[in-house]
Novice: 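Take this structure, written in structure tokens, and hold onto it; I'll ask about it next.
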Amino acid sequence: MQLSPTLAWLVDAAADSSGADRLLAELGAHLVADGVPLAAGSLTLEVPHPLIAKRTWLWRADNGRVIEALGFAPGGLAPDLPDDAGRRWLRDIAGGEVHEDAVGRPDGPLLGWIGPRPFTADETEQLHQAARFAATPLAVLAARATLRATLDAYLGKRSAERVLAAPLRRDLGETIQAALLYADLRGFTILSETTPPAAVIAALDAWFDRIAGAVHAFGGEVLKFIGDGVLAIFPVVEGSPRRACEAALRAAGAAEAGMVYLNAERGAQGLPPLAFGAALHLGEMLWGNIGAANRLDFTAIGPAVNLASRLEGLCKPLGRTVLVSGALAAETEMPLVALGSHPLRGIASPCEVFALPETQARIS
């Protein structure tokens with residue numbers, strides 16, 4: 001069977017594209033080279049993501065650029081994209097009639113094209129054939145994107161990259177230096193015993209939104225949710241811990257401010273406030289796979305993680321929301337309040353403890 005250059009590329013090389021956006025751009029360029037007059041093209045895909053429901057890309061033939069719009073899931077960050085977003089974009093560029101094909105199945109990815117003039121019957125058939133042959137490479141790219149989105153959602157971006165780059169074995173890991181943030185809610189046991197499960201989940205989600213949102217805003221990564229607790233890391237890069245330490249401090253302050261707003265909302269609804277404690281520490285940890293031979297967990301372990309957890313336990317007796325270890329305090333010029341040296345359960349040496357100046361309120 002003699003294939004056109006476009007179809008041969010779809011069979012042999014399209015699956016190696018870096019993403020669906022590049023596939024759209026290269027497919028458009030191949031079709032133009034095969035004589036199809038195109039002004040622009042669009043591709044819409046449903047994607048697996050906690051917030052995003054679909055993505056639409058628009059390619060312009062005159063400059064080869066690709067732009068993107070996101071359609072958010074119900075209850076997401078913004079209104080959903082209209083179903084005909086790609087068609088509207090194409091009409092804004094060239095006007096006239098848009099040619100569209102569902103790829104692979106009626107509810108599959110949607111490819112759209114528009115030209116400087118109406119397409120002939122032969123050109124329309126070329127576009128149909130391109131959509132048919134695009135099904136396999138798009139399925140490969142979608143599977144790759146699904147795997148990456150799933151790992152990102154459950155592990156975090158850096159950890160997902162590490163998992164994808166290494167074999168699935170439990171003897172693989174590396175020692176890294178990072179600023180750690182360990183935080184959990186106060187009174188969660190009482191809350192869970194006296195509150196309907198749906199309300200408990202809503203409270204947990206609201207708390208995690210504030211703490212994880214603050215961590216991500218300042219370049220950190222949530223490594224693990226542990227019941228009502230959070231373990232996050234701010235890896236040290238280029239051998240300089242100051243940036244990681246100050247990012248962790250700013251994230252803790254932002255989380256505290258976010259909880260003030262959340263508690264104001266809860267108060268207006270007649271709900272009790274949520275209190276939390278957080279500890280920040282700088283140290284080395286083993287970052288990698290642990291677990292059984294055939295069931296792995298990607299996490300961070302080591303004395304630094306243990307110290308952060310024990311330090312967080314001092315938040316309530318010291319009446320502070322955020323505590324900082326001496327190791328982390330030594331790497332920042334941000335103002336902190338010295339609270340002296342304190343023994344920590346299970347830690348051999350006492351720990352110099354500091355607090356953020358803002359965290360003056362006693363935790364109930």
Side-chain angles (χ1 to χ4, degrees), residues 6 9-10 13-32 38-94 98-114 127-128 130-161 163-164 209 212-213 216-217 221-222:
T6 296
W9 172 79
L10 285 169
D16 295 327
S17 300
S18 59
D21 54 339
R22 296 313 311 159
L23 184 145
L24 172 65
E26 294 180 43
L27 176 56
H30 275 86
L31 286 167
V32 169
L38 297 177
S42 68
L43 173 62
T44 297
L45 289 175
E46 292 186 0
V47 296
H49 193 276
L51 297 176
I52 301 167
K54 60 187 172 184
R55 304 172 72 177
T56 295
W57 293 274
L58 175 71
W59 165 79
R60 296 191 61 138
D62 55 359
N63 56 26
R65 293 178 181 173
V66 179
I67 61 174
E68 179 183 1
L70 302 177
F72 291 92
L77 301 177
D80 192 10
L81 278 178
D83 291 336
D84 61 347
R87 191 181 312 136
R88 293 185 186 186
W89 274 2
L90 296 179
R91 285 175 177 165
D92 287 343
I93 290 174
V98 175
H99 174 89
E100 288 183 321
D101 287 298
V103 178
R105 60 185 192 278
D107 61 344
L110 189 64
L111 266 173
W113 307 100
I114 197 165
L127 297 177
H128 280 312
R132 287 182 56 200
F133 279 75
T136 297
L138 276 176
V140 171
L141 294 178
R144 192 184 304 160
T146 297
L147 175 60
R148 181 56 187 266
T150 301
L151 289 175
D152 282 357
Y154 282 95
L155 297 179
K157 186 175 178 61
R158 290 188 185 92
S159 298
E161 289 175 350
V163 167
L164 288 171
D209 276 344
H216 294 149
E221 180 166 305
V222 171

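Scope of the values below: all heavy atoms of this structure, side chains included, with no hydrogens, waters or symmetry mates. All residue numbers refer to positions in the sequence shown, counting from 1.
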Novice: If we only count heavy atoms from C-beta on, is the L38 to I114 side-chain gap below 4.5 Å?
Specialist: no
Novice: Shortest non-hydrogen contact from H216 to E221?
Specialist: CD2-CA, 4.2 Å
Novice: Could you report the tightest heavy-atom contact between A39 and A94, atom names first, then the distance?
Specialist: CB-CB, 4.1 Å
Novice: Output the distance between atom CG (L155) and atom CD (E161), rounded to the nearest 0.5 Å.
Specialist: 11.5 Å
Novice: Would a distance-only check, ignoring hydrogens and angles, find a side-chain to backbone donor-acceptor pair under 3.5 Å from E100 to L110?
Specialist: no
Novice: Can you name the closest pair of heavy atoms from L90 and G112 and give their distance?
Specialist: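 Smallest interatomic distance, heavy atoms only, reads CD1-C, 3.6 Å.
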Novice: Just by distance, do the side chain of S17 and the backbone of A14 share a donor-acceptor pair under 3.5 Å?
Specialist: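 Looks like yes, one N/O pair under 3.5 Å.
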Novice: Just how far is it from atom NZ of K54 to atom CG of L45, taken to the nearest 0.5 Å?
Specialist: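 CG of L45 is found 11.5 Å from NZ of K54.
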Novice: Could you check whether W9 and H30 have their ring centres less than 6.0 Å apart?
Specialist: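 Between W9 and H30, which both carry aromatic rings, the centre distance is below 6.0 Å.
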Novice: Step by step, would you call R148 with D152 a salt bridge (charged side-chain N to carboxylate O under 4.0 Å, His left out)?
Specialist: CA-CA 6 Å; R148 181 56 187 266; D152 282 357; 3.0 Å; yes
Novice: Are the side chains of P109 and L43 in touch, meaning some heavy atoms are under 4.5 Å apart?
Specialist: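 Side chain of P109 against side chain of L43, heavy atoms only: contact under 4.5 Å found.
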Novice: What is the minimum heavy-atom distance between A131 and L111, and which atoms define it?
Specialist: CA-CD1, 4.1 Å
Novice: Are R55 and E46 close enough, and set up right, to give a side-chain contact (heavy atoms from CB on, under 4.5 Å), and what steps lead you there?
Specialist: CA-CA 6 Å; R55 304 172 72 177; E46 292 186 0; over 6 Å; no
Novice: Output the distance between atom CZ (R22) and atom CG (L27), rounded to the nearest 0.5 Å.
Specialist: 11.5 Å
Novice: Please find the pair of heavy atoms, one from V222 and one from A212, that lie closest to each other, and give the distance.
Specialist: CG2-CB, 3.7 Å
Novice: Would you please test L31 and W113 for side-chain contact (heavy atoms from CB on, under 4.5 Å) and show each step?
Specialist: CA-CA 11 Å; L31 286 167; W113 307 100; 3.7 Å; yes
Novice: Looking at every non-hydrogen atom in both residues, tell me the closest pair between A40 and L58 and how far apart they are.
Specialist: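 Shortest heavy-atom contact: CB-CD1, 4.3 Å.
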Novice: Counting only heavy atoms from other residues, nucleotides and ligands, does the tally under 6.0 Å from CD of E26 exceed 12?
Specialist: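 Above 12, so yes.
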Novice: Indicate yes or no: at least one non-hydrogen side-chain atom of L147 is less than 4.5 angstrom from one of L164.
Specialist: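 They are in contact (side-chain heavy atoms under 4.5 Å apart), so the answer is yes.
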Novice: Kindly say whether A15 contributes a backbone atom to a donor-acceptor pair with the side chain of R144 at under 3.5 angstrom?
Specialist: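 Yes, because the side chain of R144 sits within donor-acceptor range (under 3.5 Å) of the backbone of A15.
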Novice: With a 4.5 Å heavy-atom cut-off, do D21 and W59 have their side chains touching?
Specialist: no
Novice: Within the side chain of N63, is there an N or O that forms a donor-acceptor pair under 3.5 Å with the backbone of R65?
Specialist: yes
Novice: What verdict does the side-chain contact (heavy atoms from CB on, under 4.5 Å) test give for W57 and T44, after you've listed the backbone C-alpha separation in whole Å, the side-chain angles of each residue and the deciding distance to 0.1 Å?
Specialist: CA-CA 6 Å; W57 293 274; T44 297; over 6 Å; no
Novice: Within this structure, what is the OG-CG distance for the pair S42 and L24, rounded to the nearest 0.5 Å?
Specialist: 7.5 Å
Novice: I need the L10 CG to L23 CG distance, nearest 0.5 Å.
Specialist: 6.5 Å
Novice: Between the side chains of T56 and E68, does any donor sit under 3.5 Å from an acceptor?
Specialist: no
